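Fair warning: this is a prediction, and the values are worked out from it, not measured in the lab.
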Number of protein chains: 2
Amino acid sequence: MKTMTIRQDGADEDAPVPARCADWRQRYPDLSLCPVRGVLDRVGDKWTTLVLLTLAERPHRFGELRRAIVDISQRMLTQTLRELARDGLVSRRVFPTQPPGVEYSLTPLGHSLLQPLLGLVRWAESHFADVEAARAAHDSATEEAA
Amino acid sequence: MKTMTIRQDGADEDAPVPARCADWRQRYPDLSLCPVRGVLDRVGDKWTTLVLLTLAERPHRFGELRRAIVDISQRMLTQTLRELARDGLVSRRVFPTQPPGVEYSLTPLGHSLLQPLLGLVRWAESHFADVEAARAAHDSATEEAA
DNA sequence: CGGGATCCTGCAAGATACTG
DNA sequence: CAGTATCTTGCAGGATCCCG
C-alpha cells in the first residue's frame with residue numbers, strides 16, 4: 001500500500017475521490033460512529049428527505065406538512081421533525097394563539113443540506129430512465145436463463 | 001395556487017429549488033413509484049453507499065468487499081450487489097478459474113452517481129460538527145427543562 | 001390544532017449451515 | 001471462493017386513543 005499523508009483533523013480534501021472514500025472507512029471502523037453514515041442514514045430515511053424538500057418550498061405548520069406529504073403517519077411526522085430539530089436542520093416556532101400554531105422551517109444548516117440533496121435529486125431525474133432500462137434488460141436476461 | 005407550466009417529460013429544470021420539489025411531489029402521489037424516492041431509498045440503504053464508495057476506489061472481488069466493509073453480513077453483501085447489478089450501477093465479471101473469481105466494478109452509470117453522492121459526503125464532512133453541536137445544545141436544553 | 005403514549009405487525013437483516 | 005437456503009428476531013413504522 002502506498003504511503004499517504006493524512007491530516008489529523010480530516011480527510012485530505014485534495015485527494016481524489018477513491019482515496020477519500022478509503023480514508024473515511026479506515027478512520028471509522030465503527031460505522032455507526034461515522035458522520036458520513038449518520039448523514040446518509042438520515043437522507044435515506046423514508047420521510048426525512050420529503051420533509052426537508054417540502055420545507056424548502058416554504059415554512060409549514062404541522063397539519064400542512066401532514067397534508068402535503070399525504071401518506072406519512074402523524075407519528076412518523078412528529079418523530080422526523082423532532083430529529084430534524086435536534087440536528088439543527090429544522091427550527092420549530094410556536095405561536096401562542098388559540099388554538100396553538102406551530103411552524104416548522106429550515107434553518108440555514110438545513111438549507112445548506114438542500115444543495116447536495118438536490119444534486120441527488122437531479123441525478124435521479126436524469127438517470128432514472130437508465131436504471132429502469134438496466135432493470136428491464138437484467139430481468140429479461142435472467143428470466144430467459146430460467 | 002399559481003398556474004405553472006409543467007413540461008410533460010419532467011420538472012421544469014430552470015425552476016427554483018422549491019418549485020421543483022413541489023412539482024415532484026405532485027407528479028408522484030404514489031411515492032413508491034417516484035424515481036427520486038427510489039434513488040434516495042437506495043442511497044440511504046445501510047450498505048449500498050458503502051459498497052459504491054468501496055468500488056469507487058477500485059474493482060473488488062467478493063471476498064475483498066467483505067473484508068473491506070468488515071461488518072457487513074455475507075447475505076447483505078450478496079443482496080446489495082445483486083440490486084446494484086440489476087440497476088446497472090455495478091457490473092459483475094466472472095473469471096472461470098479454479099476456484100472461480102468474481103470481480104465487481106462500477107459501471108459508468110454507477111460512477112456518475114458517485115458525484116452527487118460525494119456531494120453529500122462532503123456536506124457531512126464539513127457540517128457534522130454543526131449537527132453535533134446542535135444536538136448537544138438541544139439535549140442540554142430539554143434536559144434542563146425536565 | 002399539535003401532538004403524546006400504547007399496542008401491534010411486517011419485514012429488514014443477522015446467524016448459521018450447506019453447495020458447486 | 002462465491003455464493004444459496006432457512007430460520008429467527010429487532011425494531012421501524014402504522015393504527016388507535018387521549019390530552020392541553
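The side chain to side chain donor-acceptor pair (under 3.5 Å) check on B/Ser112 picks up A/Trp123, with sequence neighbours excluded. Listed by chain and residue number, nothing satisfies the salt bridge (Lys or Arg N to Asp or Glu O under 4.0 Å) test with B/Asp45 (two or more places apart in sequence, or in another chain). Partners of B/Glu64 according to the salt bridge (Lys or Arg N to Asp or Glu O under 4.0 Å) rule, which considers only residues two or more places apart in sequence or in another chain, are B/Arg58. Under the ring pair (Phe, Tyr, Trp, His ring centres under 6.0 Å) criterion, B/His60 pairs with no residue at all, not counting sequence neighbours. Annotation: side chain to side chain donor-acceptor pair (under 3.5 Å) contacts of B/Arg135 (sequence neighbours excluded): A/Asp87. The side chain to side chain donor-acceptor pair (under 3.5 Å) test applied to A/Thr107 returns no partner, not counting sequence neighbours. By the side chain to side chain donor-acceptor pair (under 3.5 Å) test, A/Arg93 pairs with no residue at all, sequence neighbours left out.
Bending across the helix from C/dC1-D/dG20 to C/dG20-D/dC1, expressed as the angle between its end axes from five pairs apiece, amounts to 50° (10° rounding).
Residues in residues 64-115 of chain B take part in no ring-ring contact (aromatic ring centres under 6.0 Å, His included) pair, two or more places apart or across chains. Applying the salt bridge (charged side-chain N to carboxylate O under 4.0 Å, His left out) rule to pairs touching residues 72-83 of chain A yields A/Arg42-A/Glu83, sequence neighbours excluded.
Between B/Asp71 atom CG and C/dG14 atom P the separation is 8 Å, expressed in whole Å. Distance CD (A/Glu103) to P (C/dG3): 12 Å, rounded to an integer number of Å. If you take CG of A/Asp41 and C1' of C/dA13, they are 14 Å apart, rounded to a whole angstrom. Going from atom CD1 of B/Ile72 over to atom C1' of C/dG14 covers 12 Å, rounded to whole Å. When the P atom of C/dA13 is taken as reference, atom CZ of B/Arg66 falls 17 Å away, rounded to whole Å. Taking atom CE on B/Met76 and atom P on C/dA12, their separation rounds to 9 Å, with Å as the unit.
Each of B/Asp45 and A/Gly63 was matched to the nucleotide of DNA chain C holding its nearest heavy atom; the match closer to the 5' end belongs to A/Gly63. Each of B/Tyr104 and A/Ser73 has a nearest nucleotide on DNA chain D; the 5'-most of these lies closest to B/Tyr104.
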Could you list, one pair per line, each protein nitrogen or oxygen that sits under 3.5 Å from a nitrogen or oxygen of nucleotides 5-7 of chain C, together with the distance?
none

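Within the nucleic acid shown, A/Phe95 has no heavy atom closer than 4.0 Å to any nucleic acid atom.
Between A/Phe62 and A/Thr78 there is a side-chain heavy-atom pair separated by less than 4.5 Å.
Between B/Lys46 and the phosphate of C/dG14, there is a side-chain N or O to OP1/OP2 separation shorter than 4.0 Å.
Nucleotides of DNA chain D lying under 4.0 Å from heavy atoms of chain B occupy a range whose first and last members, 5' to 3', are D/dC1 to D/dT6.
Looking at A/Thr80, its side chain never comes within 3.5 Å of a backbone N or O of A/Thr48 through a donor-acceptor pair.
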